2 protein chains.
Amino acid sequence: MTSFTEENYLKVIYKLSSETDSEVSTNAVAEQTQTKAASVSDMLRKLSEKKLVSYQKYQGVRLTAEGEKVALKVIRKHRLWEVFLVEKLGFNWDEVHDIAEELEHIDSEKLVAKLDEYLGFPSFDPHGDPIPDHHGVMPAQTYLTLAEIKKGEEVIMMGVSEHSSAFLQYLDKINLVLGTSIEVLDINNFDKSLQIILSQENSLFITHEVSKNILVKVQ
Amino acid sequence: MTSFTEENYLKVIYKLSSETDSEVSTNAVAEQTQTKAASVSDMLRKLSEKKLVSYQKYQGVRLTAEGEKVALKVIRKHRLWEVFLVEKLGFNWDEVHDIAEELEHIDSEKLVAKLDEYLGFPSFDPHGDPIPDHHGVMPAQTYLTLAEIKKGEEVIMMGVSEHSSAFLQYLDKINLVLGTSIEVLDINNFDKSLQIILSQENSLFITHEVSKNILVKVQ
DNA sequence: GAATAATTTTAGATTAATCTAAAAATTAGT
DNA sequence: ACTAATTTTTAGATTAATCTAAAATTATTC
Ligand SMILES: [Mn+2]
Ligand SMILES: [Mn+2]
Ligand SMILES: [Mn+2]
Ligand SMILES: [Mn+2]
């Protein structure tokens, strides 16, 4: 059995590991879990004994196949619950993360299966993140960031890579929501800010910091 | 803040207290929480310091108004989630208790409010137990047990006071479900077993042990 | 290729929740 | 009203998860 705490560590290691595609450092885990490096060292030793991570002192950590399986199950639950909260209960996309952070640890295969079915087997969560299926397989998803799009191109918004409430509420305010069509009108070479036009209607400016965190696909 | 564990203790004290309407003994709590009396003593001291129970050594324990408020919130969440699991996800009434036992600790006023609304503000859970409202007020509910009904009377099944999977599955098997009309055809004076007839169809025998755990209302 | 800086681990404590065994208090039986 | 039985509390340990401070290791820089 994996505890609440262990599951959160595994999820963090999964996330950091898939970003860099290499060993994850103790400090990186400490930052993400909001703990201290000393606590992380202890936990890594423990997870290693449980064969959920492969870990050599001072050499960083990776998930084992078993550890990845557990992480993917938790991520699956997190994202399914987020879909439920938004689609069924009417929450806004900026309100669901913390609640899903608790719901994700509830342990019942049958519950997950029935929830998945009730939601119509969704492939993406309200932030555009892919939902692993029953076997832990992530739907394919090859997006670019809006910052990578060339002047004149038109794309569709598919997700975000920053999940803070502040960022999501800002996107709401400027009507940048999933599915929106975005045309890049102009790129400022000095600060990489963009002038864009949404669904052939209103034009607006966004900073490079914002465009980097918006995931899009070319039509 | 109240922990998982504290909430479970408060719920147990609430339950035992409302059954006997007096102070609850350490041993009774230990039995219900599946712990030892020594652990309960410790916890009662702690809950007492937090002003959630009034407790004098050796004299048993009671909830304070604040403790009762917390207990009722947890019970409200437990029962709302049970309704969700049965009504929306299609679980059977004997499968939902353990899952609700985890869901009940998720802490979000907004989640509870939205869930309540989504379910249509139900007053009773799938076992016929009353759901406290937003202010902690329990719907009125003055049922008799089937064991108290006289020969020849006809009643409607409104709930159960035993929640084990075995008992609920047995009731399913004999078609004794909430809302069923029950007529007491005969009472065996020796062992208090009953011959009953359901919704003017099949007649069957049930033991006193069973009839004691079935809650009914006279039409 | 040392010396210094940064990172990581260990040592030793703390807090919450639990246990067993022993001591204390209450209740019951004569 | 004692004594015996039962219940409850305390004492002392244990386990999981965390922390701070110190030691050990690895990385960087001149
Ligand atoms: Mn979590
Ligand atoms: Mn998400
Ligand atoms: Mn519980
Ligand atoms: Mn119930």
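Computed from a prediction, not measured in an experiment: that's the story for all the values here.
- Put simply, CD on A:Gln56 is 14 Å from C1' on C:dT8, counting in whole angstrom units.
- When the side-chain nitrogen and oxygen atoms of B:Gln59 are compared with OP1 and OP2 of C:dT26, one or more of them lie within a distance under 4.0 Å.
- B:Lys88 forms a cation-pi arrangement with B:Tyr118, by the criterion of a distance under 6.0 Å to the ring centre and an angle within 45° of the ring axis.
- For B:Lys36 and D:dT8, the shortest distance from a side-chain N or O to OP1 or OP2 is not below 4.0 Å.
- At a threshold of 4.0 Å, the pair B:Glu7-B:Lys11 does not count as salt-bridged, since none of the basic side-chain nitrogens sits closer than that to a carboxylate oxygen.
- Counting to the nearest Å, the P atom of C:dG12 and the CG atom of A:Asp42 are 14 Å from each other.
- Using a 4.0 Å cut-off, no side-chain N or O of A:Thr5 falls inside it from OP1 or OP2 of D:dA16.
- For A:Tyr9 and D:dT18, the shortest distance from a side-chain N or O to OP1 or OP2 is below 4.0 Å.
- In this model, the phosphate group of C:dT8 is approached by a side-chain N or O of A:Asn27 to a distance below 4.0 Å at OP1 or OP2.
- Following rounding to the nearest Å, B:Leu47 (CG) and C:dA16 (C1') show an atom-to-atom distance of 12 Å.
- Residue B:Glu153 is tested with B:Val216, B:Val218, B:Val184 for a side-chain contact (heavy atoms from CB on, under 4.5 Å); the sole match is B:Val218.
- Comparing A:Phe4 and A:Tyr58 against DNA chain D, the residue whose closest nucleotide sits nearer the 5' end is A:Phe4.
- Distance CZ (A:Arg45) to C1' (C:dT10): 10 Å, rounded to an integer number of Å.
- Nearest-nucleotide assignment on DNA chain C puts the 5′-proximal partner with B:Met43, out of B:Ala38 and B:Met43.
- Comparing C:dT9, D:dT9, D:dT8 against the side chain of B:Ser25 picks out D:dT8 as the nearest.
- When the C1' atom of C:dT7 is taken as reference, atom CD of A:Glu31 falls 14 Å away, rounded to whole Å.
- Contacts of A:Thr35 with the nucleic acid, taken as non-hydrogen atoms under 4.0 Å apart, involve only primed sugar atoms and P, OP1 or OP2.
- A salt bridge is absent between A:Glu68 and A:Arg62: the closest approach of a Lys/Arg side-chain nitrogen to an acidic carboxylate oxygen does not fall below 4.0 angstrom.
- Here the options are B:Leu72, B:Val70, B:Ile75, the test is side-chain contact (heavy atoms from CB on, under 4.5 Å), and the partner is B:Leu10; only B:Val70 passes.
- Atom OH in A:Tyr55 sits roughly 16 Å away from atom P in C:dT7 (whole-Å rounding).
- Distance NZ (B:Lys57) to P (C:dA23): 17 Å, rounded to an integer number of Å.
- Residue contacts for A:Ser39: at a heavy-atom cut-off of 4.0 Å it reaches a base atom on one of the strands shown.
- Rounding to whole angstrom units, CD of residue A:Glu23 and C1' of D:dT26 are separated by 15 Å.
- Here A:Ser41 lies in heavy-atom contact (under 4.0 Å) with a base.
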